[in-house]
Amino acid sequence: IWVSPVKELHFYNQLHVPGDANWAPKRRRMATDEVADSLRHRDREASADSERGQLLRLISSYDVSNDWYGAVFGHARPGQVCAEIDPSYSLLPIEGVRHMKSLSPDARVLLIARDPIDRAWSQIRMLIREGHCADAATALANRPDVVGFSTYSAVIDRYMTVFGEDQFRIRTYDSVAGKPQEFASELMAWLGLPVEGLDEAVLSHPLHVGQDMEPSDSDYAALRAALSQEYVALAKYMPDAVEEWKNRHYGRVSTSPEY
């Protein structure tokens, strides 16, 4: 599998999500600089004119186009499967998803869905630590992407409409974290790649673990109120997982008749 040395290219969202063009090129340039610095520390003799150096210069471009996107993945070797990881693509309008399909008609799209409240709190926790907001209520009021990223039902609707069931798959964050070897084997088989040789120790090693921080009662109440309907909408796609998540946050609703 070939992936860009810069994980999130922000190609489709820069073109299709309002406002993202204001920050996506800068974020891509910063990420490119970080990768280049890391490579220089590892290999003091690495040349800026090397293939990797040329690729990083290409990725750092502020202007993007279909040709630019194709040129980035043109660095893959023949026979390699190209992959891209970018959470921002979950906010694409359907026109952006159709653009993706037009450039990669045979693409397989994997959505890893997390408990909506847990995902939203993880983002808010980061925003609080970085000084962007004071609490969940402020984040929910000023950052529509907090709810947007957790509204998986709308994401699934758009991608399913464009790619269909054969090319779009949903798995939960819990299943990936709990059984990484099983998840990786299933993914490789879905992509038509050999399953042998997967290193369980590497797959089981967590990366970029955030510091734990529990929401206050008011934060939790704000999250429960903002996302209550998402559990209802998402249940048609992931009934078992959603039932477990919903019960944890809202309590089990008894269906027994009252006497």
Side-chain angles (χ1 to χ4, degrees), residues 8 10 12-14 16-24 27 85-97 109-161 168-178 208-255:
E8 298 174 12
H10 296 305
Y12 293 105
N13 59 300
Q14 179 173 334
H16 292 283
V17 178
D20 282 16
N22 295 328
W23 60 261
R27 186 81 59 83
I85 304 168
D86 200 325
S88 296
Y89 291 172
S90 62
L91 298 184
L92 289 177
I94 197 161
E95 293 80 10
V97 182
V109 180
L110 173 66
L111 171 67
I112 298 178
R114 189 174 182 178
D115 179 325
I117 285 177
D118 287 354
R119 195 227 63 83
W121 174 244
S122 177
Q123 182 180 357
I124 292 171
R125 185 178 62 189
M126 181 183 67
L127 292 171
I128 292 173
R129 286 207 174 99
E130 294 178 352
H132 298 298
C133 65
D135 52 33
T138 306
L140 292 166
N142 297 310
R143 292 286 300 259
D145 59 314
V146 171
V147 170
F149 280 122
S150 284
T151 309
Y152 293 116
S153 59
V155 179
I156 295 167
D157 285 342
R158 292 192 294 271
Y159 276 89
M160 195 76 81
T161 297
F168 181 74
R169 186 166 290 189
I170 312 161
R171 291 296 179 266
T172 67
Y173 173 87
D174 300 329
S175 67
V176 175
H208 308 300
V209 179
Q211 295 180 0
D212 194 24
M213 176 180 170
E214 292 297 321
S216 66
D217 290 346
S218 60
D219 286 333
Y220 190 46
L223 287 164
R224 291 173 74 250
L227 290 164
S228 61
Q229 292 306 306
E230 175 55 19
Y231 291 89
V232 177
L234 189 57
K236 72 174 181 177
Y237 294 116
M238 310 167 60
D240 293 339
V242 170
E243 183 70 13
E244 180 180 339
W245 295 338
K246 188 170 65 172
N247 289 340
R248 186 155 62 87
H249 297 298
Y250 301 96
R252 185 177 298 277
V253 177
S254 174
T255 57

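Scope of the values below: all heavy atoms of this structure, side chains included, with no hydrogens, waters or symmetry mates.
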Evaluate the side-chain proximity of [Y] to [X]: yes if any heavy-atom separation is below 4.5 Å, no if none is.
X    : Y    : answer
D219 : I124 : no
T172 : W245 : yes
D115 : Y231 : yes
Q229 : V232 : yes
Y152 : R119 : yes
V97  : T161 : no
L227 : H249 : no
I156 : L234 : yes

When rounded to the nearest 0.5 angstrom, what is the spacing between [atom1] in [X] and [atom2] in [Y]?
X    : Y    : atom1 : atom2 : value
Q123 : R114 : CD    : CZ    : 11.0 Å
K246 : E230 : NZ    : CD    : 12.0 Å
R158 : I94  : CZ    : CD1   : 8.0 Å
Q14  : D20  : CD    : CG    : 8.5 Å
W121 : M213 : CH2   : CE    : 4.5 Å
L110 : I170 : CG    : CD1   : 9.5 Å

Problem - D145 (side chain) donor-acceptor with G148 (main chain) under 3.5 angstrom - result: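 Not at all, since once roles are kept as given, no pair shorter than 3.5 Å links the two residues.
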
Least distance between heavy atoms, [X] atom then [Y] atom:
X    : Y    : value
A222 : L140 : O-CD1, 3.6 Å
L91  : V17  : O-CG2, 3.8 Å
E8   : I85  : CG-O, 3.5 Å
P239 : Y237 : CD-C, 3.5 Å

Handout entry: Stepwise side-chain contact (heavy atoms from CB on, under 4.5 Å) test for V155 and F149
Key = CA-CA 8 Å; V155 179; F149 280 122; over 6 Å; no

Problem - Residues that N142 engages under side-chain hydrogen bond (donor to acceptor under 3.5 Å, both in side chains), provided they are two or more places apart - result: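 By the side-chain hydrogen bond (donor to acceptor under 3.5 Å, both in side chains) rule, N142 matches no residue at all.
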
Practice task
Anything under 30° is parallel, anything over 60° is perpendicular, the rest tilted; go ahead and classify W23 against H10.
Solution key: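 Correct class here is perpendicular.
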
Exercise for the section: With sequence neighbours excluded, tell me which residues meet side chain to side chain contact (heavy atoms under 4.5 Å, CB included) with R224. Expected result: I117, Y220, Y250

Practice task
Pick out which of S153, S150, S228 makes a side-chain contact (heavy atoms from CB on, under 4.5 Å) with P116.
Solution key: S150

